[in-house]
Amino acid sequence: MSSLALRSTPIRLPHARWARLISPVLLVAAWQLASSTGVLPERLLASPATVVSTALDLTREGTLPHAISISLQRAAVGFVIGAAIGIGLALLAGLSLFGEHIIDPPVQMLRTLPFYGLIPLFILWFGIGELPKIVLVAFGVAVPLYLNTFAGIRGVDGKLAELAQVQRLSKVGLIRHIVLPGALPQALVGLRQSLGVAWLALIVAEQVNADAGLGFLINDAREFLRTDVIVVGLLVYSLLGLITDAVVRLIERRVLVWRRGFLGS
């Protein structure tokens with residue numbers, strides 16, 4: 001085996017994955033120590049032990065599962081709508097110069113808008129019910145998914161289009177067999193980003209006139225200075241984001257098996 005091949009072979013340490021847990025465990029231990037010694041007062045931040053106890057109590061009462069189910073429903077509906085819009089616009093803009101000139105400039109402008117700046121308009125347009133929350137999540141999903149899918153379509157090797165002409169593929173065949181597979185890696189990157197933004201958008205959306213969900217739970221806890229409940233809500237948001245990201249990474253490994261060497265797996 002050549003030295004180049006040896007250098008290109010990834011080195012895997014047997015305990016590398018477990019080593020990544022060291023810093024989080026030390027951080028939690030320091031947090032608990034600071035709380036136990038009084039350096040970090042409970043009124044500012046509840047201890048890890050208190051947070052775990054509160055999470056168990058809220059779960060037994062059914063409060064936390066109900067809040068999670070409401071937030072998941074909002075995130076799922078907003079994600080489906082945003083993904084359909086983002087991918088649809090990317091296909092229109094990526095497959096046509098005319099579509100690019102019409103679609104890309106306003107999307108590039110919209111991507112710089114902060115979520116909080118959109119809330120007053122959404123309340124005026126859609127009221128204070130569920131619709132503005134779903135629209136905000138859909139907006140957060142559509143933009144990064146559009147940007148990455150569009151970049152993936154435009155990044156497809158032009159020689160493949162020439163091959164399609166030689167094979168006399170139709171326009172639909174070109175899109176199905178050349179464009180979409182070539183754009184898929186970048187589109188999956190956009191999917192991971194859009195899922196992360198979806199949870200951020202949901203956190204913002206549920207801070208405004210929500211009567212259920214994790215955001216409502218956090219807001220209600222803030223009124224009573226319950227930092228333990230606030231931390232539980234934030235941790236659940238984080239765990240949901242990590243779970244959805246892990247699902248997309250699993251899809252990447254299955255769908256992009258031909259790029260296994262590039263993915264380092």
Side-chain angles (χ1 to χ4, degrees), residues 8-25 27-28 55 59 64-65 67-91 94 134 137-157 160 175-203 205-206 213-214 232-265:
S8 62
T9 302
I11 299 175
R12 294 187 178 276
L13 298 177
H15 304 294
R17 292 185 178 180
W18 292 106
R20 293 177 62 86
L21 296 176
I22 294 176
S23 56
V25 170
L27 181 62
V28 172
T59 301
L64 187 59
I68 293 174
S69 65
I70 295 297
S71 294
L72 280 175
Q73 182 179 352
R74 289 170 179 155
V77 174
F79 175 79
V80 170
I81 296 173
I85 294 173
I87 294 175
L89 292 178
L91 288 173
I134 292 174
V137 174
F139 175 82
V141 169
V143 173
L145 197 51
Y146 163 83
L147 294 173
N148 283 275
T149 305
F150 173 76
I153 293 173
R154 288 302 174 88
V156 175
D157 193 345
L160 295 177
I175 295 173
R176 179 181 176 184
H177 298 290
I178 302 296
V179 176
L180 293 183
L184 186 58
Q186 191 70 27
L188 287 173
V189 172
L191 180 61
R192 290 182 63 187
Q193 292 180 355
S194 63
L195 282 169
V197 176
W199 293 113
L200 294 176
L202 182 65
I203 293 173
E206 290 189 333
L214 290 170
V232 168
L234 294 177
L235 287 176
V236 171
Y237 274 128
S238 300
L239 288 174
L240 291 174
L242 288 174
I243 290 171
T244 52
D245 185 73
V247 170
V248 178
R249 289 173 66 88
L250 179 61
I251 294 173
E252 281 184 338
R253 291 191 178 95
R254 297 292 179 85
V255 175
L256 304 179
V257 64
W258 50 274
R259 297 178 70 246
R260 189 176 297 275
F262 293 99
L263 294 175
S265 58

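Quick caveat: nothing in here was measured; it's all calculated off a predicted structure.
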| query | So, for Val141 and Ala198, which heavy atoms are closest and what is the spacing to 0.1 Å? | reply | CG2-CB, 3.6 Å
| field | salt bridge (Lys or Arg N to Asp or Glu O under 4.0 Å) pairs, two or more places apart, involving residues 138-147 | value | none
Donor-acceptor list for residues 179-189 side chains, cut-off 3.5 Å, not counting sequence neighbours:
unit_1, atom_1, unit_2, atom_2, d
Gln186, NE2, Asn148, OD1, 2.9

| task | Using the test ring pair (Phe, Tyr, Trp, His ring centres under 6.0 Å), find all partners of Phe139 that sit at least two apart in sequence or belong to another chain. | result | none
| query | Does anything in residues 179-189 pair up under salt bridge (Lys or Arg N to Asp or Glu O under 4.0 Å), and if so which pairs, sequence neighbours excluded? | reply | none
| task | Could you note down all residue pairs passing salt bridge (Lys or Arg N to Asp or Glu O under 4.0 Å) where residues 180-196 supplies at least one of them, sequence neighbours left out? | result | Arg192-Asp245
| task | Step by step, work out the side-chain contact (heavy atoms from CB on, under 4.5 Å) result for Thr244 and Val248. | result | CA-CA 6 Å; Thr244 52; Val248 178; 5.7 Å; no
| field | Working for side-chain contact (heavy atoms from CB on, under 4.5 Å), residues Phe79 and Leu191 | value | CA-CA 10 Å; Phe79 175 79; Leu191 180 61; 3.2 Å; yes
| So which heavy atom on Gly190 is nearest to which on Leu145, and how close? | C-CD1, 3.7 Å
| task | Taking all heavy atoms of Phe150 and all of Ala90, pick out the closest pair and write down the distance. | result | N-CB, 3.7 Å
| field | Flag for Ser71-Trp199: side-chain donor and acceptor within less than 3.5 Å | value | no
| request: Report yes if the side chains of Leu72 and Leu240 come closer than 4.5 Å at any heavy-atom pair, otherwise no. | output: yes
| query | Below 4.5 Å, heavy atoms only, C-beta onward: do Leu202 and Arg74 meet side chain to side chain? | reply | yes
| query | For residues 233-243, which residue pairs qualify under side-chain hydrogen bond (donor to acceptor under 3.5 Å, both in side chains), counting only residues two or more places apart or in two chains? | reply | Glu206-Tyr237
| message | Working to the nearest 0.5 angstrom, can you tell me the gap between Leu242 CG and Leu195 CG? | response | 12.0 Å
| Atom pair CG/CD1 of Leu214 and Ile70 - distance to nearest 0.5 Å | 10.0 Å
| task | With rounding to the nearest 0.5 Å, note down the distance linking CD1 in Ile68 to CG in Leu239. | result | 9.0 Å
| note | Tightest non-hydrogen contact, residues Val197 and Pro144, listed as CG2-CG, 4.4 Å
